[in-house]
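Sequential numbering from 1 along the given sequence is applied to the chain's residues. Scope of the values below: all heavy atoms of this structure, side chains included, with no hydrogens, waters or symmetry mates.
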Amino acid sequence: MHEQVMSVANYGAEPGLRFAVLLDGRGGCRTLNMEAVRRWTPDDGVVWLHFERDHPAAAGWVTTRGGFDPLVADALLQEESRPRVESIDDGLLIILRSVCAAPPEEEKAGSAEIDLVPLHIWADEHRLVTLRDSGHYITALRDIRLALDKCKGPRQTGELLALVSEKLVRDLEPVLDTMDEEVDELDELIFHGEASEVRERLKQLRRRSVQLRRYLAPQRDALNRIEHDDAPWLKERDKLRFREVIDKLMRFIEYLDAIRDRTGILHDDLSTVISERIARNSNRLAALAALLLPPSVVAGLFGMNVGGIPGVNDTWAFIIIVAFVAVTSVATLMVLKRINWL
């Protein structure tokens, strides 16, 4: 490598290329431009290339200049993929999922959406190539890139790949913590909040937990395959790191199962609360109808347009009828209270 053109990270300075760095083997790196990438050879050291998968320039490099098998190139550029690992010669084709966050200048407070963006990876002894969709932001890769700038990053491909996997799983923890806090909040709202709002939030929370688990379970299997792969550039220390990441991911999956079960229990509790409210309101309406029954009967009898109605010419008749209605209403109220309808 005869020429180096950049010393500070310049993200997205060239079409389709987010960044390209050459590891120095001591935890640091040197930044490359696209021309330097084209001149790179394995003798220069380990290189990390990070592209925008859906950019034409990136697709052109992968298919024509990357030196990949056509099947590998197609897999790296595939739009929608589940987590998996394929061992090809001494390299690994890896597809993982990561929590996508908005760039710091575009973050919105209180956003509850979970966007799992696919991260396509090719790893061999001399290079790591990562591709993610444009418009997405993966904090795991940013953190590793910043660590390299401070000379505190990985030194070879296996360590870099293990660190990428570790950071991807790490970013799941705040998402799960937020979901758990929302479950606790909904547990309180069931008895005091609006039923329709609680039901909608429970539905969305359960959907998010199912969506996360759908990708985390195969991601655990993919990382397990990397741990047991016999690639010579994967050191024992790297595999131990993968084992720790897998254990953490398994705990997250169990955590998701617990959240899903809790939302199911809360949904049953909400149905019970709604049924109790309906029954209570029905009892109140029935009690009101019972209270209005005596006045309705009296009014119906004395409101008939027929002859012979008593008290027509009696000045005290109205007062007597009102007193009778009041007495019967009070008696009905006492009976309803005695049988616990009120």
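Annotation for L234 and G158: closest pair CD2-CA, 4.0 Å, computed over non-hydrogen atoms. Between D44 and R39, the shortest heavy-atom contact is OD2-O, 4.1 Å. Smallest separation of non-hydrogen atoms from D184 and R262: OD1-NH2, 2.7 Å. Across all non-hydrogen atoms, the minimal contact from L92 to W233 is CD1-CH2, 3.9 Å. S165 and F242 make their closest contact through OG-CE2, 3.3 Å (heavy atoms, listed as atom of the first residue, atom of the second, distance). The two residues L116 and R97 make their nearest non-hydrogen contact at O-NH1, 2.6 Å.
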request  = I would like to know whether Y255 and D180 meet side chain to side chain contact (heavy atoms under 4.5 Å, CB included); could you show each step before the answer?
outcome  = CA-CA 9 Å; Y255 204 13; D180 187 60; 3.2 Å; yes

task = Take D24 and R30 through the test salt bridge (Lys or Arg N to Asp or Glu O under 4.0 Å) and record every step on the way to the result.
result = CA-CA 7 Å; D24 61 11; R30 294 180 298 168; over 6 Å; no

ask   = Is there a side chain to side chain contact (heavy atoms under 4.5 Å, CB included) between W61 and V37 once you walk through the steps?
value = CA-CA 10 Å; W61 185 88; V37 170; 4.0 Å; yes

key: Full working for salt bridge (Lys or Arg N to Asp or Glu O under 4.0 Å) between R208 and E182   = CA-CA 12 Å; R208 289 202 299 269; E182 188 172 0; 2.7 Å; yes

key: Check against side chain to side chain contact (heavy atoms under 4.5 Å, CB included), L293 and V297   = CA-CA 6 Å; L293 181 60; V297 171; 4.0 Å; yes

message = Between L96 and L223, is the side chain to side chain contact (heavy atoms under 4.5 Å, CB included) condition met? List the steps.
response = CA-CA 9 Å; L96 301 176; L223 295 177; 4.2 Å; yes

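Between the side chain of K239 and the backbone N or O of D229, at least one donor-acceptor pair lies under 3.5 Å. Although no hydrogens or angles enter the test, the distance criterion places a donor-acceptor pair under 3.5 Å between the side chain of D124 and the main chain of H126. One N or O on the side chain of H120 and one on the backbone of Q78 form a donor-acceptor pair closer than 3.5 Å. R53 places a side-chain N or O within donor-acceptor distance of the main-chain N or O of L77, the cut-off being under 3.5 Å. Between the side chain of E185 and the backbone N or O of E181, no donor-acceptor pair lies under 3.5 Å. Remark: side-chain polar atoms of W48 are not paired, donor with acceptor, to backbone N or O of T157 under 3.5 angstrom. With W40 contributing its side chain and G45 its backbone, the two residues share a donor-acceptor pair below 3.5 Å. Under the 3.5 Å distance criterion, the side-chain polar atoms of R225 are matched with a main-chain donor or acceptor of V85. Remark: the backbone N or O of A140 is not paired with any side-chain donor or acceptor of D143 at under 3.5 angstrom. A donor-acceptor contact shorter than 3.5 Å is absent between the side chain of E194 and the backbone of S196.
Using a 4.5 Å heavy-atom threshold, the side chains of R213 and I253 count as touching. Between N224 and E227 there is a side-chain heavy-atom pair separated by less than 4.5 Å. Counting heavy atoms from C-beta outward, L49 and R127 have side chains that stay 4.5 Å or more apart. Contact of the T130 side chain with the V164 side chain is not registered, since no non-hydrogen atoms from C-beta on lie closer than 4.5 Å. Using a 4.5 Å heavy-atom threshold, the side chains of I88 and D69 count as separate. For the pair V183/L205, a side-chain contact is recorded, criterion being any heavy-atom separation below 4.5 Å from C-beta on. In this structure the side chain of L168 reaches within 4.5 angstrom of the side chain of L119, judged on heavy atoms. A heavy-atom distance below 4.5 Å is found between the side chains of L249 and L172.
Defined by atom type and a distance below 3.5 Å, a donor-acceptor pair is missing between the side-chain atoms of H55 and S134. Looking at T272 and D269, their side chains never bring a donor and an acceptor atom within 3.5 Å of each other.
Between E254 and R251, no side-chain nitrogen of the basic residue sits less than 4.0 Å from a carboxylate oxygen of the acidic one, so the salt-bridge criterion is not met. Checked for salt-bridge contact, D238 and K235 miss the test: no charged N lies under 4.0 Å from a carboxylate O.
Environment of CZ in R237: sparse, with no more than 12 heavy atoms of neighbouring residues, nucleotides or ligands closer than 6.0 Å. Shown here is E79, whose CD atom has no more than 12 heavy atoms of other residues, nucleotides or ligands within 6.0 Å. In D268, the CG atom is crowded: over 12 heavy atoms of neighbouring residues, nucleotides or ligands sit closer than 6.0 Å. Within 6.0 Å of CZ in R26 there are 12 or fewer heavy atoms belonging to other residues, nucleotides or ligands.
Seen from the ring of F19, R145 counts as a face-on cation partner, given the 6.0 Å and 45° thresholds.
By the rule that hydrophobic residues join a cluster once side-chain heavy atoms approach within less than 4.5 Å of another member, L189 and I265 end up as members of separate clusters.
Here the CD atom belonging to Q156 is positioned 9.5 Å from the CG atom belonging to L161, to the nearest 0.5 angstrom. Note that CD of E166 and CD of E244 are 7.5 Å apart. Values are rounded to the nearest 0.5 Å.
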